[in-house]
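Heads up, the thing below is written out as structure tokens.
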Amino acid sequence: MQQLNYSTALGGLYYACFCYRTTGFIGSAVVRELLGAGHHVVGLARSDKSAEALTAAGVEVHRGNLHDLDSLKAGAEASEGVIHTAFNTDFNNFDETTNFIDTAEADRRAIETLGEALAGTNRPLVVTSGTALLRPGRLAMEEDPMDSQSFAALRIPSEETALSFAQRGVRVSVVRPPLSVHGKGDHGFIPALINLAQTRGFSAYVGKGSNRWSAVHLLDLAHLFRLALEKDPAGARLHGVGEEAIPFQNIANVIGQRLEVPVKAISSEEADEHFGFLAAMVKMDNPASSTWTQEQLGWSPVQPGLIADIDQNYFTNS
């Protein structure tokens with residue numbers, strides 16, 4: 001296989017490969033996956049600390065940030081392919097102070113800049129979205145229309161902007177991770193649930209706990225990003241889903257068992273107070289399929305599932 005020369009941008013762009021937020025949870029795993037496959041990776045670094053981390057990992061440094069559109073444009077133009085994982089779809093870097101409207105618009109502008117830089121080149125552009133922008137309560141498929149009333153509806157303009165470049169000479173594809181991206185280095189949603197259960201003295205689920213989450217292990221997701229870059233299925237929406245439908249009660253149960261605290265059902269109203277800004281995600285019923293993605297790219301998730309990963313790896317220091 002011919003090895004492309006990719007770079008990464010700040011937190012989650014991969015060019016030449018160019019990548020953005022390459023030192024983040026998903027971004028760093030994608031970088032390792034690309035390097036392991038023999039690709040040259042250039043990472044967009046926002047700070048000296050990020051630059052040092054990238055250099056130590058064997059990544060060429062490109063200085064800039066998500067709001068420095070000229071820097072993004074220059075990195076993309078010099079690349080042979082781009083992966084953009086900057087938006088925090090894995091819930092690892094937000095809290096009640098996060099301005100999702102501004103974050104989503106910054107993401108859309110960055111994608112637009114990358115697309116314009118690659119227009120007419122027939123080079124690959126892989127961007128990140130999420131299954132949470134699809135209609136809840138049913139098994140979401142790759143071809144399903146996006147739901148303007150969904151939890152992640154603010155991401156719709158970013159996905160639409162990206163896919164519009166498929167008609168302008170860019171081999172663009174969209175990877176949609178599920179609600180839970182789990183694995184080593186996770187400091188987001190699952191650790192937050194664990195910490196909450198420790199603090200409150202019980203692990204909670206809402207109602208019957210039958211609302212379903214899809215999930216994927218970080219390493220399986222990173223592999224999918226590489227396949228999307230290398231096989232560049234132009235105009236495709238790809239579901240990075242390793243497990244389709246995990247009842248949320250199962251998540252609460254394993255947390256309670258490992259902490260040796262009670263597991264309790266609470267009402268929807270109680271959940272708003274108990275979980276705070278996380279309540280909307282806890283209540284979500286967002287099962288999703290990746291059958292088409294697996295068939296098209298030959299992607300087969302092989303890492304441990306969410307419940308096993310929580311049980312085996314999230315309490316090593318407890």
Side-chain angles (χ1 to χ4, degrees), residues 25-26 29-30 85 87-92 94 126-147 149-156 159 173-183 186 188-193 205-225 227-228 236-255 275 278-297 299-311 313-314:
F25 181 54
I26 293 178
V30 173
T85 64
F87 197 90
N88 299 316
T89 54
D90 57 26
F91 305 123
N92 268 264
F94 74 84
V126 184
V127 304
T128 309
S129 184
T131 62
L133 53 65
L134 301 174
R135 182 181 176 183
R138 57 189 296 273
L139 187 66
M141 315 296 285
E142 290 88 343
E143 69 273 16
D144 288 348
M146 293 177 283
D147 181 6
Q149 303 302 311
S150 66
F151 169 76
L154 287 173
R155 301 302 316 284
I156 292 177
E159 186 166 316
S173 58
V174 175
V175 174
R176 292 171 173 166
L179 284 175
S180 177
V181 179
H182 58 94
D186 182 5
F189 195 77
I190 295 300
L193 291 175
Y205 59 89
V206 182
K208 296 181 179 180
S210 58
N211 61 300
R212 299 154 295 174
W213 275 29
S214 52
V216 68
H217 193 281
L218 175 65
L219 299 183
D220 285 325
L221 182 62
H223 183 54
L224 176 60
F225 272 103
L227 292 178
R237 297 174 173 91
L238 306 170
H239 281 187
V241 173
E243 295 176 281
E244 293 184 347
I246 304 166
F248 191 84
Q249 184 181 6
N250 293 7
I251 299 172
N253 283 343
V254 70
I255 292 173
F275 291 107
L278 298 175
M281 283 77 75
V282 170
K283 297 177 186 180
M284 283 193 70
D285 186 31
N286 184 233
S289 168
S290 63
T291 298
W292 184 87
T293 297
Q294 294 187 45
E295 292 174 349
Q296 293 300 307
L297 271 68
W299 177 61
S300 298
V302 297
Q303 298 296 326
L306 176 60
I307 302 303
D309 197 18
I310 294 172
D311 183 38
N313 300 309
Y314 278 70

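For the numbers below, each heavy atom of this structure counts, side chains included, while hydrogens, waters and symmetry mates do not.
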Note to self: Could you go through Leu238 and Trp299, starting from their C-alpha distance and side-chain angles, then the distance that decides it, and tell me whether this counts as side chain to side chain contact (heavy atoms under 4.5 Å, CB included)?
What the structure shows: CA-CA 11 Å; Leu238 306 170; Trp299 177 61; over 6 Å; no

What's the shortest heavy-atom distance between [X] and [Y], and which atoms?
| X | Y | answer |
| --- | --- | --- |
| Pro178 | Thr131 | CA-OG1, 3.4 Å |
| Val175 | Ala228 | CG2-CB, 4.3 Å |
| Ser290 | Val241 | OG-O, 2.7 Å |
| Pro247 | Ala245 | CD-O, 3.6 Å |
| Ala132 | Met284 | CB-CE, 4.0 Å |

To the nearest 0.5 Å, how far apart are [atom1] in [X] and [atom2] in [Y]?
| X | Y | atom1 | atom2 | answer |
| --- | --- | --- | --- | --- |
| Arg237 | Met146 | CZ | CE | 5.0 Å |
| His239 | Ser129 | NE2 | OG | 8.5 Å |
| Glu142 | Gln294 | CD | CD | 9.0 Å |
| Leu224 | Leu219 | CG | CG | 13.0 Å |
| Leu221 | Gln303 | CG | CD | 11.5 Å |
| Ile255 | Asp311 | CD1 | CG | 11.0 Å |

Strictly distance-based, threshold 3.5 Å: is any side-chain N or O of [X] a donor or acceptor partner for the main-chain N or O of [Y]?
| X | Y | result |
| --- | --- | --- |
| Tyr314 | Gly183 | yes |
| Ser180 | Ala215 | no |
| Trp213 | Met281 | yes |
| Glu159 | Val174 | no |
| Asp147 | Leu133 | no |

Next item on the list: Applying side chain to side chain contact (heavy atoms under 4.5 Å, CB included), run through Ile307 and Ile251 and close with a yes or a no.
Entry: CA-CA 6 Å; Ile307 302 303; Ile251 299 172; 4.0 Å; yes

Flag side-chain contact, heavy atom, 4.5 Å: [X] against [Y]:
| X | Y | answer |
| --- | --- | --- |
| Arg176 | Thr293 | no |
| Asp144 | Arg135 | no |
| Ser214 | Asn286 | yes |
| Phe248 | Leu193 | yes |

Check: Between His182 and Ile310, does a side chain to side chain contact (heavy atoms under 4.5 Å, CB included) hold up when you go through it step by step?
Finding: CA-CA 8 Å; His182 58 94; Ile310 294 172; over 6 Å; no

Margin query: Pair Asp186, Leu218 - check side chain to side chain contact (heavy atoms under 4.5 Å, CB included), show working.
Written below: CA-CA 9 Å; Asp186 182 5; Leu218 175 65; over 6 Å; no

Margin query: If you count heavy atoms of other groups shown closer than 6.0 angstrom to CD of Gln149, is the number above 12?
Written below: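 Check fails, neighbour count at 12 or below.
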
Notebook entry, point to check: Which of these, Leu179, Val206, Asn211, sits in a side chain to side chain contact (heavy atoms under 4.5 Å, CB included) with Val282?
Noted result: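 Only one option passes, and that is Val206.
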
